[in-house]
Amino acid sequence: MKLHYRTVGEGPPLVVLHGLLGSHENWHSISRRLASRFRVFAVDQRNHGRSPHSDDISFDAMAADLHEFMRTHGLARAHVLGHSMGGKTAMRFALCHPECVGKLVVVDVAPRAYPPRQVQTLEALLALDLLAF
């Protein structure tokens, strides 16, 4: 899957993964600050932002997307920063491809199972009549 991304800066590669319902744009101001020390790749994960959509929403699939992204961009190894859902993707990626991860930064999520908390929010979003707007 060809993921949409934005890159800024020079230096060691740093891949940034956003949280659920987010996009690379959520990290724009922080990416600019990190760009003084890193070449930042802010990525839209599948089903988010301008990246392609898929019925497979598993962390294994998103980790595979990240692996493909890194190969496509010639990144044999990168630091990976993930927030929330992006943190889960980053942890799965680090488990599957430890040789590709320099440092791993996980924000606002832990390596454990969480009960479904967003079901009502997602059901409400799906019920919206978007043609009415």
Side-chain angles (χ1 to χ4, degrees):
M1 177 169 295
K2 186 174 179 176
L3 300 176
H4 178 79
Y5 71 100
R6 178 173 290 156
T7 186
V8 294
E10 298 294 328
L14 168 64
V15 178
V16 178
L17 302 171
H18 59 79
L20 182 66
L21 304 178
S23 75
H24 77 280
E25 293 176 4
N26 296 115
W27 288 87
H28 180 70
S29 61
I30 294 170
S31 292
R32 285 193 357 235
R33 293 190 71 190
L34 292 169
S36 66
R37 297 187 57 205
F38 301 97
R39 182 168 181 212
V40 179
F41 294 83
V43 177
D44 283 343
Q45 295 187 86
R46 64 172 52 208
N47 299 330
H48 292 79
R50 294 186 208 156
S51 284
H53 288 241
S54 170
D55 290 337
D56 187 351
I57 58 171
S58 68
F59 290 113
D60 285 331
M62 290 187 280
D65 292 344
L66 178 54
H67 193 238
E68 179 182 333
F69 177 87
M70 288 181 60
R71 281 196 320 260
T72 299
H73 291 91
L75 306 174
R77 190 171 176 88
H79 304 308
V80 181
L81 184 159
H83 169 252
S84 192
M85 178 191 78
K88 289 283 196 173
T89 301
M91 287 186 279
R92 172 60 66 189
F93 179 75
L95 286 172
C96 295
H97 305 284
E99 72 285 357
C100 296
V101 179
K103 295 194 189 299
L104 176 65
V105 179
V106 178
V107 181
D108 200 31
V109 71
R112 67 176 187 85
Y114 287 89
R117 297 186 325 219
Q118 304 294 340
V119 173
Q120 288 179 318
T121 302
L122 293 173
E123 287 173 348
L125 288 170
L126 289 171
L128 288 174
D129 181 5
L130 298 178
L131 297 176
F133 292 99

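Heads up: numbering here begins at 1 and tracks the sequence. None of the values given here were measured: they were computed from a predicted structure.
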* Asked: How long is the span from the CD atom in Gln45 to the NE2 atom in His18, to the nearest 0.5 Å?
  -> 4.5 Å
* Answer yes or no: are there more than 12 heavy-atom neighbours, outside Asp55 itself, under 6.0 Å from its atom CG? => no
* Asked: Is it the case that more than 12 heavy atoms not belonging to Arg33 sit under 6.0 Å from its CZ atom?
  -> no
* Nearest heavy atoms of Met1 and Glu68, plus distance in Å -> N-OE1, 2.9 Å
* Considering only heavy atoms from C-beta outward, does the side chain of His67 approach that of Cys96 to under 4.5 Å? -> no
* Non-hydrogen side-chain atoms of Asp44 and Arg6 separated by less than 4.5 Å -> no
* To do: Consider only side-chain heavy atoms of I, L, V, M, F, W and Y, link residues closer than 4.5 Å, and tell whether Val109 and Leu104 are in one cluster.
  => yes
* How long is the gap from CE on Met62 to CG on Leu3, to the nearest 0.5 Å? -> 10.5 Å
* Does a sphere of radius 6.0 Å around CD1 in Ile57 hold more than 12 heavy atoms from other residues, nucleotides or ligands, not counting ones at 6.0 Å or beyond? -> no
* Closest contact, heavy atoms only, Ser23 versus Gly49 -> CB-CA, 4.0 Å
* From CZ (Arg77) to NZ (Lys103), nearest 0.5 Å -> 9.0 Å
* Which value, rounded to the nearest 0.5 Å, describes the distance between Leu66 atom CG and Arg71 atom CZ? -> 10.5 Å
* Asked: Should Val101 and Val106 be counted in the same cluster of Ile, Leu, Val, Met, Phe, Trp and Tyr side chains packed under 4.5 Å apart?
  -> yes
* Asked: Cluster question for you: counting only ILVMFWY and a side-chain heavy-atom cut-off of under 4.5 Å, with indirect links fine, are Val119 and Phe59 together?
  -> no
* How close do Arg46 and Asp56 get, heavy atom to heavy atom, and via which atoms? -> NH1-O, 2.8 Å
* Minimal non-hydrogen separation, Ser51 against His4, with atom names -> OG-N, 2.8 Å
* For a side-chain contact (heavy atoms from CB on, under 4.5 Å) with Phe38, tell me which candidate from Pro12, Pro13, Ser31 qualifies. => Pro12
* **Side-chain touch Phe41/Leu75, heavy atoms, less than 4.5 angstrom** => yes
* NE2/His83 to CG/Leu20 distance, rounded to the nearest 0.5 angstrom? -> 10.0 Å
* How far apart are the closest heavy atoms of Trp27 and Leu81, and which atoms are they? -> CH2-CD2, 3.5 Å
* To do: Report the distance from atom CG of Leu125 to atom CG of Leu21, rounding to the nearest 0.5 Å.
  => 6.5 Å
* To do: Answer with yes or no whether the hydrophobic clustering places Val16 together with Phe93; edges join I, L, V, M, F, W, Y residues whose side-chain heavy atoms lie under 4.5 Å apart.
  => no
* Over all heavy atoms of both residues, which pair between Val8 and Ala35 is shortest? Give the atoms and the distance, please. => CG2-CB, 3.7 Å
* Asked: Less than 4.5 Å apart, any side-chain heavy atom of Arg92 and any of Asp60?
  -> yes
* Going by heavy atoms in the side chains, are Val43 and His24 under 4.5 Å from each other? -> no
* Hey, any chance Val107 and Met85 share a hydrophobic cluster, counting ILVMFWY side chains that come within less than 4.5 Å of each other, even indirectly? -> no
* Does Thr89 reach the main-chain N or O of Ala63 with its side chain, forming a donor-acceptor pair under 3.5 Å? -> no
